[in-house]
> 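Have a look at this one.
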Amino acid sequence: MAELDAEDEADEHDLPDLPNADDYDDIRLRAAPNPNGPWHLGHARMPSVIGTYKERYDGAFVVRFDDTDPETKRPDLDAYDEILDAIEYLGFEPDEVIRASDRLETYYDHARELIDLGGAYTCSCPQGEFSDMKNSGEACPHRDKDPETTREEFEAMMDGEYSAGEKVLRVKTDIEHKNPALRDWVAFRMIDTPHPREEASEYRCWPMLDFQSGIDDHLTGISHIIRGIDLQDSAKRQRFVYDYFDWEYPEVIHWGHVQVDAYDVSMSTSTIKEQIEAGELDGWDDPRAPTLASLRRRGIRGQAIVDAMVGLGTSTSNVDLAMSSIYANNRDMIDEDTDRAFLVRDGERFVVEGGPDAGHPPVHPNHEDRGERDIPVDEAVLLEPDDAPADGERVWLKGYGPVRREGDALEFTDDDIDVVRDGDVDVIHWVPADESQPLRLRTMDGDVSGHAEPGITDYDPDAMVQFERIGFARIDRHEDDETVAYYAHQ
RNA sequence: GCUCCGAUGGUGUAGUCCGGCCAAUCAUAUUGCCCUCUCACGGCAAUGACCAGGGUUCGAAUCCCUGUCGGAGCACCA
């Protein structure tokens with residue numbers, strides 16, 4: 001029975017089981033973002049995966065803002081909430097939200113304890129000199145100072161009595177460790193720039209990621225850490241601290257980098273920020289930006305992203321995410337519910353002679369019960385240049401009927417729909433020339449101008465429509481002179 | 001230079017721990033056909049992969065070795 005259940009479980013989930021999950025009473029996972037800007041698409045992977053695990057193991061989802069560098073990776077005060085919004089957009093609700101910059105005293109307490117255990121020493125070696133000694137396996141002269149001296153100097157660090165670069169606290173690991181990356185790493189350093197959060201603005205002695213994160217993971221009861229391969233050595237470094245404190249290190253999963261196709265722009269917070277400042281992008285939700293805010297505005301459901309991210313699994317090799325998989329997920333979720341509409345780009349005007357005064361295409365081809373649209377045809381229509389028939393040729397205006405081009409006019413013919421079924425006549429979309437609604441479609445490749453059928457103004461902002469033969473789009477707003485929509489995907 | 005890690009079709013993934021059920025799963029992509037008053041949805045079909053070479057074995061995607069390629073760390077960034 002248990003075996004059967006286990007097999008069913010495995011079939012239902014794309015992600016592998018968490019390692020040694022049975023050894024933990026509570027499965028607790030954390031996302032530890034640096035709030036230095038809104039999230040791009042790649043950031044969605046962590047909440048997608050740990051949120052999925054949380055649901056599967058009935059665990060906890062902790063968001064911990066690792067905002068311990070007020071200078072080089074200076075936090076953006078808006079980003080804290082923007083990141084929480086992004087997580088909500090993806091469909092998850094964190095069980096706990098904490099900020100490292102609120103917890104300095106906790107890190108200090110543990111540093112004191114570590115010093116007393118003989119596991120750390122203050123060091124004033126210039127960076128380069130220490131690096132040289134370390135790389136040749138030599139201890140620096142500060143390594144053997146007694147804990148009392150270190151305590152005094154660390155207290156002075158905490159009191160802000162040193163400037164940046166003058167003093168650090170190092171964890172005493174193994175100066176001859178075969179992996180140079182693990183030798184006596186820095187736990188605390190001085191930063192002159194005040195933290196942007198008022199609550200933390202007085203602190204000058206800041207922990208490095210490996211110390212802060214290691215302490216917090218233990219204190220918050222994290223059972224499984226998921227992080228990138230760039231942090232492969234972190235666990236090894238932190239284990240030295242865990243050993244001093246006699247703590248058990250959580251399970252760790254390392255995954256590779258994600259690259260996303262379909263974007264020309266860089267998937268980097270700082271690069272996007274620069275492009276916005278330079279005016280190359282309108283903002284974080286510019287349709288050309290590879291950000292979650294952008295996808296959201298384009299009408300991509302968070303779940304479509306989550307499913308794609310979960311599908312990537314957690315392997316240590318680098319992976320390429322195909323946007324088409326997000327689009328396929330999204331299309332699958334919205335197609336049945338999304339009304340159809342006509343949009344003609346770069347419309348070419350043709351007078352219509354002899355036909356009825358309106359066209360009535362269905363609201364949704366698979367659901368007759370949803371009714372049909374009513375699109376007036378006064379005297380002329382707009383067609384996309386590529387669709388316009390050659391002189392003498394016929395085309396079927398969808399929901400209206402067959403016409404034959406005669407010069408600049410389209411003459412209604414009495415052809416039966418069989419001419420379409422036989423493949424002789426193409427079905428195309430159209431809009432009335434004079435009563436249509438100007439519409440700007442914002443796409444990844446720039447804005448496209450066109451005219452939509454008049455009924456488009458009935459849709460509230462945030463509604464999705466499928467512009468037939470063009471693709472799905474989200475109605476963003478109706479302005480005085482035009483409607484603005486964001487293109488999602490085909 | 002030192003230390004780690006990885007390699008299944010265009011993309012992602014299953015299988016690798018415990019070798020045979022794998023002439024390799026599923027999804028996506030592309031192409032073709034069917035359906036259709038959309039180039040959507042749906043249906044059908046096709047395309048396409050175990051990095052290379054040795055070894056162990058009756059048998060290797062799976063175990064071992066070497067090589068190749070790729071990634072990461074050796075920061076007072078996260």
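To find a chain, count down the sequence lines: A is the first, B the second, and so on, and within it residues start at 1. In this text the structure is predicted, and so the values were computed from the model without any measurement.
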> Looking for any heavy atom pair under 4.0 Å, which part of the strands does A:Val186 touch: base, sugar-phosphate only, or nothing?
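Touches sugar-phosphate only.
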> Ignoring hydrogens and angles, tell me if any N or O in the side chain of A:Asp332 forms a donor-acceptor pair with the backbone of A:Ala328 under 3.5 Å.
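Not confirmed, A:Asp332 side chain does not pair with A:Ala328 backbone.
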> Thinking salt bridges, do A:Arg74 and A:Asp67 make one under a 4.0 Å N-O criterion?
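Result for this pair is no, no salt bridge flagged.
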> Please determine if a side-chain N or O atom of A:Arg189 lies less than 4.0 Å away from the OP1 or OP2 oxygen of B:C77.
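It does, given that an N or O in the side chain of A:Arg189 lies less than 4.0 Å from OP1 or OP2 of B:C77.
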> Would you mind pulling out the nucleotide paired to B:C76, Watson-Crick or G-U wobble, both distances under 3.5 Å?
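Here B:C76 is not engaged in any pair, so there is no nucleotide opposite it.
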> Tell me the interatomic distance from A:Phe342, atom CZ, to B:A40, atom P, rounded to whole angstroms.
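In whole Å, B:A40 P lies 15 Å from A:Phe342 CZ.
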> Send over the distance from A:His489 NE2 to B:U28 P, rounded to a whole Å.
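Taking atom P of B:U28 as the reference, NE2 of A:His489 is at 14 Å.
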> With respect to the side chain of A:Phe472, which nucleotide from B:A40, B:C4, B:C77 is positioned closest?
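Between B:A40, B:C4, B:C77, the one nearest the side chain of A:Phe472 would be B:A40.
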> Mapping A:Asp210 and A:Lys134 to their closest nucleotides on RNA chain B, which lands nearer the 5' end?
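The residue closer to the strand's 5' end, by nearest nucleotide, is A:Lys134.
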> Does A:Lys178 reach a base, just sugar-phosphate, or nothing at all? Heavy atoms under 4.0 Å.
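Answer is sugar-phosphate: A:Lys178 comes under 4.0 Å of backbone atoms only.
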> If we ignore hydrogens and angles and just use 3.5 Å, is the side chain of A:Asn318 paired with the main-chain N or O of A:Gly256 as donor and acceptor?
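Flag not set: sc A:Asn318 to bb A:Gly256 has no pair under 3.5 Å.
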> Could you tell me which nucleotide pairs with B:A24 by Watson-Crick or G-U wobble geometry, both distances under 3.5 Å, or answer none if nothing does?
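Matched B:A24 with nothing under the 3.5 Å cut-off.
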> Between B:A29, B:G6, B:C41, spot the one nearest the side chain of A:Ala328, thanks.
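Of the candidates, B:A29 comes closest.
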> With a 4.5 Å heavy-atom cut-off, do A:Pro454 and A:Pro376 have their side chains touching?
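With C-beta onward as the side chain, the pair touches.
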> Regarding A:Gly165, tell me which of base, sugar-phosphate or nothing describes its non-hydrogen contacts under 4.0 Å with the strands shown.
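Base: the residue A:Gly165, judged by heavy atoms under 4.0 Å, touches a nucleobase.
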> Nearest whole angstrom, please: distance from the C1' of B:C76 to the CG of A:Asp192.
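My rounded result for the distance is 11 Å.
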> Please identify which of these residues, A:Glu153, A:Glu161, A:Glu152, meets the salt bridge (charged side-chain N to carboxylate O under 4.0 Å, His left out) condition with A:Lys167.
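With A:Lys167 as partner, A:Glu153, A:Glu161, A:Glu152 yield a single salt bridge (charged side-chain N to carboxylate O under 4.0 Å, His left out), made by A:Glu153.
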> Specify whether A:His177 and A:Phe240 have parallel, tilted or perpendicular ring planes, treating 30° as the upper limit for parallel and 60° as the lower limit for perpendicular.
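Aromatic pair A:His177/A:Phe240 classed perpendicular.
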> Name the nucleic acid region contacted by A:Asn36, choosing base, sugar-phosphate or nothing; use a 4.0 angstrom heavy-atom cut-off, strictly under.
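Touches nothing.
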> Taking atom P in both B:G70 and B:C63, compute the distance separating them and give it to the nearest angstrom.
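Their P atoms lie roughly 24 Å apart.
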> With both distances under 3.5 Å as the test, what is the Watson-Crick or G-U wobble partner of B:U57?
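Across any shown strand, B:U57 pairs with none.
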> Any base atoms under 4.0 Å from A:Leu321, or only sugar-phosphate, or nothing? Heavy atoms, all strands.
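Nothing, no heavy atom under 4.0 Å.
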> Under 4.0 Å between any heavy atoms, over every strand shown, what does A:Asn34 touch: base, sugar-phosphate, or nothing? Just pick one.
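Sugar-phosphate contact only - A:Asn34 comes under 4.0 Å of backbone atoms but never of a base.
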> Starting at atom NE2 of A:His367, determine the distance to atom C1' of B:A40, rounded to an integer number of angstrom.
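About 12 Å, once rounded to whole Å.
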> Measuring only the C1' atom in each nucleotide, how far is B:A27 from B:G48? A whole number of Å is fine.
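These two C1' atoms come out 14 Å apart once rounded.
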> Would A:Leu382 and A:Glu348 count as a side chain to side chain contact (heavy atoms under 4.5 Å, CB included) if you check the C-alpha gap in whole Å, the side-chain angles of each, and the deciding distance to 0.1 Å?
CA-CA 5 Å; A:Leu382 300 178; A:Glu348 200 173 321; over 6 Å; no
> For the residue pair A:Phe65 and A:Tyr80, is the inter-centroid distance of their aromatic rings smaller than 6.0 Å?
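When the ring centroids of A:Phe65 and A:Tyr80 are compared, they turn out to be within the sub-6.0 Å range.
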> What is the nucleic acid contact for A:Leu209, judged by heavy atoms within less than 4.0 Å: base, sugar-phosphate only, or nothing?
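A:Leu209: base contact, heavy atoms under 4.0 Å.
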> Check if the side chain of A:Arg469 and the base of B:A40 share a donor-acceptor pair of N or O atoms closer than 3.5 Å.
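Such a pair does not exist between side chain and base.
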> Out of A:Val63, A:Val97, A:Leu292, which one pairs with A:Ile87 under the side-chain contact (heavy atoms from CB on, under 4.5 Å) rule?
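With A:Ile87 as partner, A:Val63, A:Val97, A:Leu292 yield a single side-chain contact (heavy atoms from CB on, under 4.5 Å), made by A:Val63.
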> When you check the phosphate oxygens OP1 and OP2 of B:C5, does a side-chain N or O of A:Gln232 lie under 4.0 Å from one of them?
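Result: no.
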> Measure from NZ or CZ of A:Arg45 to the centre of the six-membered ring of A:Trp255, then state whether that distance is under 6.0 Å and the direction lies within 45° of the axis.
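The answer is yes, since A:Arg45 meets both limits relative to A:Trp255.
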> Taking atom C1' in both B:C2 and B:G20, what distance in whole Å separates the two?
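Here B:C2 and B:G20 have their C1' atoms 42 Å from each other.
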> If I pick the C1' atom on B:U31 and the same atom on B:U68, what distance separates them, to the nearest angstrom?
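The same atom, C1', in both gives a distance of 34 Å.
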> So which nucleotide from B:C41, B:U28, B:G73 ends up closest to the side chain of A:Glu336?
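Looking only at heavy atoms from C-beta outward on A:Glu336, the closest nucleotide is B:C41.
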> Counting only Watson-Crick or G-U wobble pairs whose two distances fall under 3.5 Å, which nucleotide matches B:G42?
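Answer to the pairing question: B:C34, which forms a Watson-Crick or G-U pair with B:G42.
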> Given the P atoms of B:G43 and B:C35, what is the spacing between them in whole Å?
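Taking atom P in both B:G43 and B:C35, they lie 16 Å apart.
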> Heavy atoms only, 4.0 Å cut-off, all strands: where does A:Ser131 land among base, sugar-phosphate and nothing?
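Here A:Ser131 touches the backbone only, sparing every base.
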> Can you tell me, in whole Å, how much space there is between the P of B:G55 and that of B:A61?
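My reading of the P atoms in B:G55 and B:A61 gives 15 Å.
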> Heavy atoms under 4.0 Å, any strand shown: does A:Thr338 hit a base, just sugar-phosphate, or nothing?
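The residue A:Thr338 makes no contact with any strand.
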> Could you tell me how far apart A:Phe130 (CZ) and B:C76 (C1') are, to the nearest whole angstrom?
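It is 11 Å, rounded to the nearest whole Å.
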> NA contact type, A:Ile417, heavy-atom cut-off 4.0 Å: base, sugar-phosphate, or nothing?
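Here A:Ile417 touches the bases of the nucleic acid.
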> Quiz question: going by heavy-atom distance under 3.5 Å, is there a donor-acceptor pair between the base of B:C77 and the side chain of A:Lys73?
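Yes, the side chain and the base share a sub-3.5 Å donor-acceptor pair.
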> At 4.0 Å (heavy atoms only), tell me whether A:Lys167 reaches a base, stays on the sugar-phosphate, or touches nothing.
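No contact.
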> Between B:U38, B:G71, B:A78, which nucleotide has the shortest distance from any of its atoms to the side chain of A:Arg340?
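For A:Arg340, the side-chain atoms sit closest to B:U38.
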> Does A:His254 reach a base, just sugar-phosphate, or nothing at all? Heavy atoms under 4.0 Å.
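A:His254: no heavy atom of the nucleic acid under 4.0 Å.
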> Paired with B:A7: which nucleotide, if any, by Watson-Crick or G-U wobble criteria at under 3.5 Å for both distances?
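Answer to the pairing question: B:U68, which forms a Watson-Crick or G-U pair with B:A7.
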> From B:G71, B:C37, B:U28, pick the nucleotide closest to the side chain of A:Asn318?
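Among B:G71, B:C37, B:U28, the one nearest the side chain of A:Asn318 is B:G71.
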> With rounding to whole Å, what would you report as the distance between B:U8 and B:C26 at their C1' atoms?
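Those two atoms are separated by 13 Å.
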> Checking all strands, does A:Thr68 fall into the base, sugar-phosphate, or nothing category for heavy-atom contacts under 4.0 angstrom?
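Sugar-phosphate: the residue A:Thr68, judged by heavy atoms under 4.0 Å, touches backbone atoms but no base.
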> Heavy-atom nearest nucleotide on RNA chain B for A:Phe188 versus A:Gly399: which residue maps closer to 5'?
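Upstream on the strand: A:Gly399.
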> In terms of side-chain heavy atoms of A:Leu231, which of B:A78, B:C74, B:G12 is nearest?
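When the side chain of A:Leu231 is considered, B:A78 is the closest of B:A78, B:C74, B:G12.
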> Quick one: A:Asn329 CG to B:U11 P, roughly how many Å, whole number?
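Atom-to-atom, A:Asn329 to B:U11, this comes out as 19 Å.
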> When you compare B:U25 with B:C34, how far apart are their C1' atoms, in angstrom units rounded to a whole number?
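So the two C1' atoms sit 27 Å from each other.
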> Whom does B:U47 pair with, Watson-Crick or G-U wobble, provided both distances fall under 3.5 Å?
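Pairing partner: B:A29.
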> Are OP1 or OP2 of B:U13 and a side-chain N or O of A:Ser315 less than 4.0 angstrom apart?
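So the side-chain polar atoms of A:Ser315 do come within 4.0 Å of the phosphate oxygens OP1 or OP2 of B:U13, strictly under.
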> By the 4.0 Å heavy-atom rule, please label A:Pro365 as base, sugar-phosphate, or nothing.
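Since a base atom lies under 4.0 Å of A:Pro365, the category is base.
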